Each structure stands twice: as C-alpha cells, then as structure tokens.
Amino acid sequence: MTESTNAAEKLPPPAILAPAGDREAFLAAVAAGADAVYCGLKQYSARMQARNFSLEELAALTRLAHERNVQVYVTLNTLLKPDDLNRAARLVDQLEHGVKPDALIVQDLGMAQIARQTGFSGELHLSTLTNVSFGAALDAVQHLKDCGVRRVVLPRELTIDEIRQVDQVCPEDFTLEVFIHGALCYGVSGRCYWSSYLGGKSGLRGRCVQPCRRQYKEGSSAERFFSCQDLSLDVLVKVLKTVPKVRTWKIEGRKKSAHYVYYTVSAYKLLRDQGHDPAMKKTALGFLEQALGRSGTHYHFLSQRPRNPVDTERQTGSGLLIGAVKGTRQKPFLSPRETLLPGDLLRIGYEDQAGHTTYRVTRAVPRNGQFSLSRASRRPLPKHAPVFLIDRREPELQEQLAELESALTHFDSPEISDSQFQVHLPRPCQSSPGSTDLQVTRLPRKKSSRQETGIWLSEESMDRATSSQMPANWWWLPPVVWPDEEDVWRDRITAVRNRGAHRFVLNMPWQITWFRDADALDLWAGPFCNIANPLALQTLLEMGFTGAVVSPELGQEDYLKLPAHSPLPLGIVLTGNWPLCITRSMTESVSPEKTFVSPRGEVGWMVQHGGDRWLYPNWPLDLTPFREPVVQAGYTLLIQLSEPFPAGVHAKNRPGLWNWRLDLS
C-alpha cells in the first residue's frame, strides 16, 4: 500500500459537488445528499443558458442548505470586460453580505482582485477554464492565496496518473477538484473560441452555442465529428479515493433537470460509500442509467486505456435516447424503448435540425407501445429524428422536493441591499511611444528590417535557431501543458535561456513558475491567457509579468479603452490564423490538414502540434484596417500569427473582424 493511499484513508470521504441550474435542481441535490451545490446567478456564469438564480432566491436556498450541512458555491466564472468590473464587484459585495456562499468559482484573474477588494470571506476556486493543467502550475497559483484561492478544478482531460502527479506537488493548504460525470467539451476548457469566432457568442462569457455538437462534412461524409459522449467514471471513482488532495468529486450539468441531479448524486454517493458491496454497486449503475444523460465514456481517465469521446455511431443529443420518429408526415409516432410516465419531457430531433421540438407526455406509455406525436409540433417533424427523454417527474422525487419546498418557507428570501462598491483600478503604466510589429512563426526565419520575430518554442525551432536569433526572438510557449510534458518544457526553456533567449510569451499565466529567477527577462502574458480587464492585468503584474497580449475576443470599444487603465504594456493580435479550439481528443474521423465544412458552409481545417490538435477556420483574423486607432489607444506590440495553410486549403475572402464590430456576449 502506498504512502498516498494511507494518507487518503485517514481523510474524510471526498465531497460530492452537485450542479443546480434552477430551484428544483438545487432542492434535488439536497434531497439526494450532496455535500455541496454549485450554481450561477443571472450574470457572470459560464452557463448563462441555465435559468440560474436571483440573489434573494439564492439567499433562502443557501440558508436551507447550510442548515443541512450542505455547502453552496457560486459560479462567477466568465471573462470580465472593462465595464464589467464594478458590476461584478457589487455582486460579490451583495453575495458577501446577503447570501454568504462558501466559495466562488472563478475564471478571470480580475475576480481575485475583486474578492480581495470587497473583503469576500469565502474561498475562491479556480475554474477548469483557468487551465491549471500541470503540477508546477500550483506554485504560481499560490500567488493568489492572499485573495482567497484554495482550490483548483482540474481539466477533464487528465488521466488518473496525471491527477496523481499533480496531487503529489499540491501545496498543503490547497485542494483539488475533479469532474466525475457529465458533458464533455471537444476543446480544452479555456481554449475554445469556436462559438465566439463563428457567431459572437463566447464560451468564455458563458454563452456557447455548442457548434461542436453540429453536423459537419468531410468529403462526402456528414457526421457529428466533434460531438462528445458524456464523461462517466462510474465504478472507477474508487481509484480517486486513493488520491489525498482530491477532496471534491464534481458532477457537471447546470442545464440538466432535477431528475438528473437526484440520480447522479444518489449514484455516486452509493459508489463512494458502499461501492465495495456488489448489490449497492449494481443499484448505483442503475441510477446512472436512469439519470437521462448521454451515453458515457471513461475518456482519458485510465492511462493504459484512453477512450475517444467521439463515436459517430452513437447518438450524442442530451438526454436518454428512447427511439426515433416513425410513421408518416401526417401521423408520426414513437415506439419508446422505455416506459413513459405522465409529465415526461421529450426532445424530438437535435437542436440544429429543422422542426426539432420538445413535448410533454400526458399519459403513461408502455415500453414498445405506440405514442402519437401528431400534436408535438405545428411544423413537420424531422424524418427518422431521434427522440430523447430529457426530464422526468416521478412521484417519489416530487414528494421529496415538495417537503423541501415546505421547509424553504421557513427561510424568507431577504431583501438584499444595493451595493455602491467601486473597484480601485491600478495606476496605468507609462508605455513608450510607438509600436513594434511582431510576426510569430512556427520556425525561425530571416529577420525583416520592419518586424520583430516570434517563434513557437519546439525541439525543431530550437535546433534551427542560430546563435544570433536566440536573443533576438520572442519565444512563445504553448496554450496547454499536460503533466507528462512538464519536464520537457522546463528543459526547453532552460536550453534556450542558456543560449541567450530572454524574451518569452507565456500562454498560460502559470508558466511563470518556470521563470522565478527571471529578474532580467521580458515575460509577456500571451493572448491565450484570456486577459480582458485592468484588474486581471494587475494580477499579472503582481505575478511578475512585464507585458500582456489582450484576449482577441474583444470588440472595438473594449480594445480601445483598455490601455488607458493598464498597469502593463499591451499587445494585440492584429492579424493571423486564430484557432477555433485546441483539443486533446484525437478524432480519427477528421484527418489532420483536411477540410471540414459546417452546416452554414464555413470551412475549417485541423493540424497537430505536439500531443494536441488545433482546429482553424479558413479565414484569418484581420484587424489591419484599424491599426491606427489601435496604436493611438496605446498598444505597443502588434502581432501577426503565421500558421501555414495545408496543401489544398485556401484562405476564404471573408472579413476577419471577429468581434470588432460586436459587443462581445
């Protein structure tokens, strides 16, 4: 038995953290025996499509939860624009004085400053969107301890061996949280811009329209090439019990029903507490089958048996697949694989199919019976469309929810006072006049007299760089580092520094842990750090950065006002290929350097860099028409990203303004 296992056995069992997107789901989590519930407000939540909560409603629910020894975490885990800061701070101030949640789950580094300024007394937990993906990153995270950061939510992509690697270096006063069940994103969290690039709805702002769930074409084949199954660790959670610093098991699903929450929490509570009992294990697996989720996968959890989360042979619509539309256009019907109960909610077709709809069942229907769908929609239903059971109102659960609703009446929703809190913005730096053009390439090239050169750090680029190029170039680090790559990147950085490199662009804030002796180095936070407001820039300054490239998701107004309040010199990606997402999922159906086409005719392509794949649109970002106002606003580093198009892939003649003329939502 290992020392780690012995340490885990002396600790209380890991807490089960349940999602709640509405009042019923919150009460279902309490009814099922969750140890904690996480939920969002009407603003600044990464699941803005959930119903979410008002402050007054959440205050009453929190009091009920606390009486029953259930903790409450509030998600304020979106990217903050400059104009969001005072509103977000007032919200935290109201939470502190009127709700008293146990923790905030945050993404934006500016939220750490807000928590410190408002005197928030709970913990801060770094969302998986912050991409703390390797062990040494926790050394940099410790810088935020004074702001209340005490926990990191690890990426879903990690294997159990990688989780153990992070656990072994986790500081004494920090804990780790791991996802055990729920939806998987195709892209790495915090590294997906797909929804924003194609339609101005930012996943980092909680408004993802899930373009990865749609049907795409490659050649003559049309499939849902990027639509993942749900993560379901089921019986494998027993392995997590041996990891001492993993103190919380997280269930995804803030857009899911009370039924889903109740049965997933019940299942994992049984597996945690009585998983050694075969009968209880069987009951728990039965609960998961009843939870109305997609088909499940262990994903990468087992290092020796990683699973591709994409299976084009399986349906990946949310809910339990129970059949398909049959009959004629005039008389469609369903022959369900499962018994239907009165009150069941069906979704007919995928959400991107014309004619898709939801329909509430009004009578009991036996398994393999016939249920008319003729009243389900005024429009013709999609032919042979799959039908999913997405909600169920069984009497037993309804009784428990009613009891908790009754108990809730004893906790009046308080009237929460308005807050007038104003954030203290940092003192702006005095940037040098003028600007520098920086062309970023994969491999060294001959230096232009008009441009500086940036190079993505790799074994090949190190080998090709001359002794004069080492100190002259800006060396770019990757947007994702996995635990098994950590030593490789540390060695590469040491090697180029020994050859004179002194200017680096770090595309994860946590990469600064490799530069703790960096008094004479120029360290910029790269565009993948998702920086969009002065308080986030202040956090970077305190961490030791000397400059920052702002998020390329911003619109014109936000871009142009940011330099006036920035404590650091700023850069901007002015032109170049920007990825739709970066993924660790190796979808075999889509070949690298081949094109795929969206339902709207948008063309994309994929390329592999290291162990990850990058998906690109075939029209680059191009803000060069606005170069002059950008320079006048105070940007000193103007960046061109040069990603060569594969053979046979051609750039589309389409404006690459992204959100420049939009208000990022």
Side-chain angles (χ1 to χ4, degrees), residues 16 18-35 37 39 50-51 53 57 60-61 64-65 67-68 70 181-182 230 251 253-271 273-274 279-294 317-323 333-348 357-373 375-376 387-411:
I16 294 175
D22 60 27
R23 183 191 191 99
E24 280 196 340
F26 191 108
L27 296 178
V30 175
D35 300 290
V37 182
C39 50
R51 292 180 186 176
F53 299 86
E57 182 181 27
L61 288 166
L64 171 69
E67 184 191 58
R68 296 171 185 241
V70 178
H181 197 91
D230 278 3
I251 298 168
R254 281 193 287 136
K255 291 168 62 179
K256 296 293 185 70
S257 68
H259 175 101
Y260 167 90
V261 172
Y262 183 82
Y263 279 98
T264 51
V265 171
S266 298
Y268 283 105
K269 190 176 179 184
L270 276 179
L271 289 168
D273 300 338
Q274 302 180 63
M280 291 298 99
K281 187 186 298 184
K282 183 177 180 181
T283 300
L285 294 177
F287 284 165
L288 291 179
E289 289 179 1
Q290 295 180 55
L292 311 183
R294 298 178 182 89
S318 61
L320 178 66
L321 179 67
I322 59 165
F333 69 88
L334 169 69
S335 181
R337 300 175 185 174
E338 304 286 341
T339 299
L340 297 180
L341 305 177
D344 284 353
L345 185 64
L346 306 179
R347 191 184 70 252
I348 305 170
T357 189
T358 57
Y359 186 63
R360 185 74 68 178
V361 176
T362 57
R363 63 178 178 84
V365 182
R367 181 181 180 184
N368 298 325
Q370 187 166 311
F371 179 61
S372 173
L373 298 173
R375 296 183 181 180
V387 180
F388 301 93
L389 176 60
I390 60 174
D391 193 13
R392 170 155 278 178
R393 303 297 174 92
E394 61 271 73
E396 296 83 359
L397 176 55
Q398 291 301 102
E399 287 177 11
Q400 293 189 61
L401 297 184
E403 290 176 6
L404 287 170
E405 283 282 4
S406 178
L408 192 58
T409 61
H410 299 294
F411 301 93

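What you see is a predicted model; the values in this text were computed from it and never measured.
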Salt bridge (Lys or Arg N to Asp or Glu O under 4.0 Å) partners of residues 336-346, not counting sequence neighbours, each pair once: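 Listed by first then second residue: Asp344-Arg392.
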Measure the [atom1]-[atom2] distance between [X] and [Y] for me, rounded to the nearest 0.5 Å.
X      : Y      : atom1 : atom2 : answer
Leu346 : Ile322 : CG    : CD1   : 5.0 Å
Leu288 : Tyr260 : CG    : OH    : 9.0 Å
Leu321 : Leu292 : CG    : CG    : 12.0 Å
Leu345 : Leu389 : CG    : CG    : 8.0 Å
Asp230 : Lys256 : CG    : NZ    : 5.0 Å
Gln290 : Glu394 : CD    : CD    : 7.5 Å

Inter- and intrachain pairs under side chain to side chain donor-acceptor pair (under 3.5 Å), touching residues 359-371, at least two apart: none
Please name the pair of heavy atoms, one in [X] and one in [Y], separated by the smallest distance, quoted to 0.1 Å.
X      : Y      : value
Ala258 : Ala28  : O-CB, 3.4 Å
Ile16  : Asp35  : N-OD2, 2.8 Å
Ala34  : Ala18  : CB-CB, 3.8 Å
Val365 : Pro336 : CG1-CG, 3.9 Å
Val37  : Ala29  : CG2-CB, 3.7 Å
Gly33  : Val265 : C-CG1, 4.3 Å

Hey, are the side chains of [X] and [Y] touching, using non-hydrogen atoms and a 4.5 Å cut-off?
X      : Y      : result
Ile348 : Thr358 : no
Leu64  : Val70  : no
Leu408 : Leu61  : yes

Set of residues satisfying ring pair (Phe, Tyr, Trp, His ring centres under 6.0 Å) with respect to Tyr263, sequence neighbours excluded: His259, Phe287
Criterion side chain to side chain contact (heavy atoms under 4.5 Å, CB included) on Leu341 and Val361, from CA distance to verdict: CA-CA 7 Å; Leu341 305 177; Val361 176; over 6 Å; no
Partner set under side-chain hydrogen bond (donor to acceptor under 3.5 Å, both in side chains) for Gln400, not counting sequence neighbours: Tyr262
Listed partners of Ser257 passing side-chain hydrogen bond (donor to acceptor under 3.5 Å, both in side chains), at least two apart: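 Expected list: Asp391.
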Salt bridge (charged side-chain N to carboxylate O under 4.0 Å, His left out) partners for Glu405, two or more places apart: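 Glu405 satisfies salt bridge (charged side-chain N to carboxylate O under 4.0 Å, His left out) with Arg23 once adjacent residues are dropped.
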